[in-house]
Number of protein chains: 2
Amino acid sequence: MAKAQKSTRETIVASAAKLFYAQGIRAVSVDAVAEAAGVTKRTLYYHFESKDELIAAYLEGRDQPNLLLFRKWFEAADGDLAEKAEAIFVNLARAARHPKWKGCGFLRTSAELANMPGHPAIRIGAAHKKTFEAWLAQVFAEAGINDAGELARQMLLLLDGSFAVVLLHRDASYMESAGKAAAMLVRAAMSAR
Amino acid sequence: MAKAQKSTRETIVASAAKLFYAQGIRAVSVDAVAEAAGVTKRTLYYHFESKDELIAAYLEGRDQPNLLLFRKWFEAADGDLAEKAEAIFVNLARAARHPKWKGCGFLRTSAELANMPGHPAIRIGAAHKKTFEAWLAQVFAEAGINDAGELARQMLLLLDGSFAVVLLHRDASYMESAGKAAAMLVRAAMSAR
DNA sequence: GTCTATAAGCCGATAGAC
DNA sequence: GTCTATCGGCTTATAGAC
């Protein structure tokens with residue numbers, strides 16, 4: 001019952017996540033994160049060696065929650081494999097219509113840090129997407145689809161494409177188009193099985 | 001024969017484009033752009049009211065060249081409609097393997113400026129993608145495809161998805177997967193025509 | 001572990017001369 | 001139209017007290 005009080009470190013990461021996602025990595029200063037967390041900058045630098053480490057901690061903290069959400073949407077959906085796959089996009093479209101939605105934090109960070117390919121935050125983002133892709137591939141393979149890996153890649157491309165396009169146009173209906181395309185590709189793979 | 005010498009303004013935009021694309025908008029200072037262009041900051045601010053205006057000019061200058069490249073790739077490809085569509089992805093994969101490739105400047109800028117939805121640079125990026133989508137829709141419609149608009153949207157999603165995913169993983173083979181998915185969707189639309 | 005205070009430098013933008 | 005010089009503020013990160 002009694003939930004452990006958040007540690008200072010967790011408070012800082014939570015504030016960083018909120019600000020980095022809302023405004024972007026380079027647009028948010030360490031000062032702003034410290035102030036939002038209610039600690040001084042000195043305390044923040046006691047817990048994190050650098051801003052880069054804080055960025056990495058922000059994305060690290062989003063990895064599992066995001067993956068679980070996608071799985072939940074998939075598993076909760078009725079219908080065949082194509083409909084369950086499409087459900088991810090439909091749910092995402094609903095989320096994207098919220099005014100605070102600003103795309104995918106992993107992709108936006110990798111876009112912002114494109115000139116630092118080895119940055120820890122980019123590694124974490126890449127690992128996150130690989131985990132999602134591997135989960136999809138497993139689901140498709142268990143359904144008896146032949147080239148499950150390729151289908152998983154294509155669905156990932158549609159998903160990340162919809163993140164990018166919806167962010168640019170602020171039109172969540174692109175996510176529904178992506179879902180329809182995904183469903184069509186799944187059906188084609190099912191019938192070729 | 002005699003090619004007009006580049007105006008100061010053009011020189012500045014060219015330097016800005018190089019630096020903004022290579023390093024990101026917020027990572028590049030106005031000082032750096034001025035120095036790369038070989039002018040003082042005062043001169044830069046004579047030609048541009050603000051950094052935001054300079055960012056907009058950078059993307060404005062990329063609009064037509066990028067669109068023309070995609071059209072060229074499409075038109076130069078042999079084969080049916082599906083193969084011509086796939087050719088865009090194959091050519092893009094080749095470009096993406098160049099070490100200086102850093103994704104799509106329009107999408108990266110929109111990711112970086114996600115907290116400023118009305119920013120002129122985002123408007124220019126959105127218009128650019130809409131023009132591309134409209135061209136695709138026209139090509140598909142002329143081929144007699146029923147829901148040409150929806151197919152164009154799906155292909156745009158695959159294209160922009162491949163920009164994002166290839167930038168994150170530094171693995172251009174995702175573009176070839178996107179191309180295969182696009183070809184499959186085009187073929188499905190062709191046979192349902 | 002958390003504080004106050006500050007270093008050392010870079011940021012976007014501007015003043016005024018020519 | 002381009003220059004030199006500089007503004008005030010913000011940046012990441014650190015020193016040293018408690």
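In what follows, chains carry the letters A, B, and so on, assigned in the order in which the sequence lines appear, proteins first and then strands, with residues in each chain numbered from 1. Predicted model, so just to flag it, every value in this text is computed and none were measured.
In this structure, the side chain to side chain contact (heavy atoms under 4.5 Å, CB included) partners of Ala181(B), at least two apart in sequence or on a different chain, are Gln154(A), Leu185(A), Leu158(B). The side chain to side chain contact (heavy atoms under 4.5 Å, CB included) search around Ser7(B) returns Arg9(B), Glu10(B), not counting sequence neighbours.
Rounded to whole Å, the distance from CZ on Phe48(B) to C1' on dG1(D) is 14 Å. Summarising the geometry, the separation between NE2 on His47(A) and C1' on dA13(D) is reported as 16 Å, rounded to the nearest angstrom. dA15(D) atom P lies 16 Å from atom OH of Tyr46(A), rounded to whole Å.
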Quick test: give all pairs of protein nitrogen or oxygen and nucleotides 9-16 of chain C nitrogen or oxygen below 3.5 Å, distance rounded to 0.1 Å.
{"unit_1": "dC11(C)", "atom_1": "OP2", "unit_2": "Ser29(B)", "atom_2": "OG", "d": "3.4"}
{"unit_1": "dG12(C)", "atom_1": "OP1", "unit_2": "Lys51(B)", "atom_2": "NZ", "d": "2.7"}
{"unit_1": "dG12(C)", "atom_1": "OP2", "unit_2": "Val30(B)", "atom_2": "N", "d": "2.8"}
{"unit_1": "dG12(C)", "atom_1": "N7", "unit_2": "Lys41(B)", "atom_2": "NZ", "d": "3.4"}
{"unit_1": "dA13(C)", "atom_1": "OP2", "unit_2": "Tyr45(B)", "atom_2": "OH", "d": "2.7"}
{"unit_1": "dA13(C)", "atom_1": "OP2", "unit_2": "Lys51(B)", "atom_2": "N", "d": "3.0"}
{"unit_1": "dA13(C)", "atom_1": "N6", "unit_2": "Lys41(B)", "atom_2": "NZ", "d": "2.3"}
{"unit_1": "dA15(C)", "atom_1": "N7", "unit_2": "Arg42(B)", "atom_2": "NE", "d": "3.3"}
{"unit_1": "dA15(C)", "atom_1": "N6", "unit_2": "Arg42(B)", "atom_2": "NE", "d": "3.2"}
{"unit_1": "dG16(C)", "atom_1": "O6", "unit_2": "Arg42(B)", "atom_2": "NE", "d": "3.1"}

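The environment of Lys72(A) atom NZ is sparse: at most 12 non-hydrogen atoms of other residues, nucleotides or ligands sit within 6.0 angstrom.
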Would you mind writing out the side-chain donor-acceptor pairs for residues 61-69 of chain A within the sub-3.5 Å range, not counting sequence neighbours?
{"unit_1": "Arg62(A)", "atom_1": "NH2", "unit_2": "Asn66(A)", "atom_2": "OD1", "d": "3.0"}
{"unit_1": "Asp63(A)", "atom_1": "OD1", "unit_2": "His128(A)", "atom_2": "ND1", "d": "2.7"}

Compile the donor-acceptor pairs under 3.5 Å between side chains in residues 94-109 of chain B and protein atoms, sequence neighbours left out, one pair per line.
{"unit_1": "Arg94(B)", "atom_1": "NH2", "unit_2": "Asn91(B)", "atom_2": "OD1", "d": "2.4"}
{"unit_1": "Arg97(B)", "atom_1": "NH1", "unit_2": "Glu176(B)", "atom_2": "OE2", "d": "3.1"}
{"unit_1": "Arg97(B)", "atom_1": "NH2", "unit_2": "Glu176(B)", "atom_2": "OE2", "d": "3.4"}
{"unit_1": "His98(B)", "atom_1": "ND1", "unit_2": "Lys100(B)", "atom_2": "N", "d": "2.9"}
{"unit_1": "Lys102(B)", "atom_1": "NZ", "unit_2": "Ala22(B)", "atom_2": "O", "d": "3.4"}
{"unit_1": "Arg108(B)", "atom_1": "NE", "unit_2": "Ala111(A)", "atom_2": "O", "d": "3.2"}
{"unit_1": "Arg108(B)", "atom_1": "NH1", "unit_2": "Tyr21(B)", "atom_2": "O", "d": "2.6"}
{"unit_1": "Arg108(B)", "atom_1": "NH1", "unit_2": "Lys102(B)", "atom_2": "O", "d": "3.0"}
{"unit_1": "Arg108(B)", "atom_1": "NH2", "unit_2": "Tyr21(B)", "atom_2": "O", "d": "3.2"}
{"unit_1": "Thr109(B)", "atom_1": "OG1", "unit_2": "Gly105(B)", "atom_2": "O", "d": "2.7"}

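The ring-ring contact (aromatic ring centres under 6.0 Å, His included) contacts involving residues 32-55 of chain A comprise nothing, where partners must be two or more places apart or lie in separate chains.
Here Thr8(B) reaches the OP1 or OP2 of dT2(D): one of its side-chain N or O atoms lies under 4.0 Å away.
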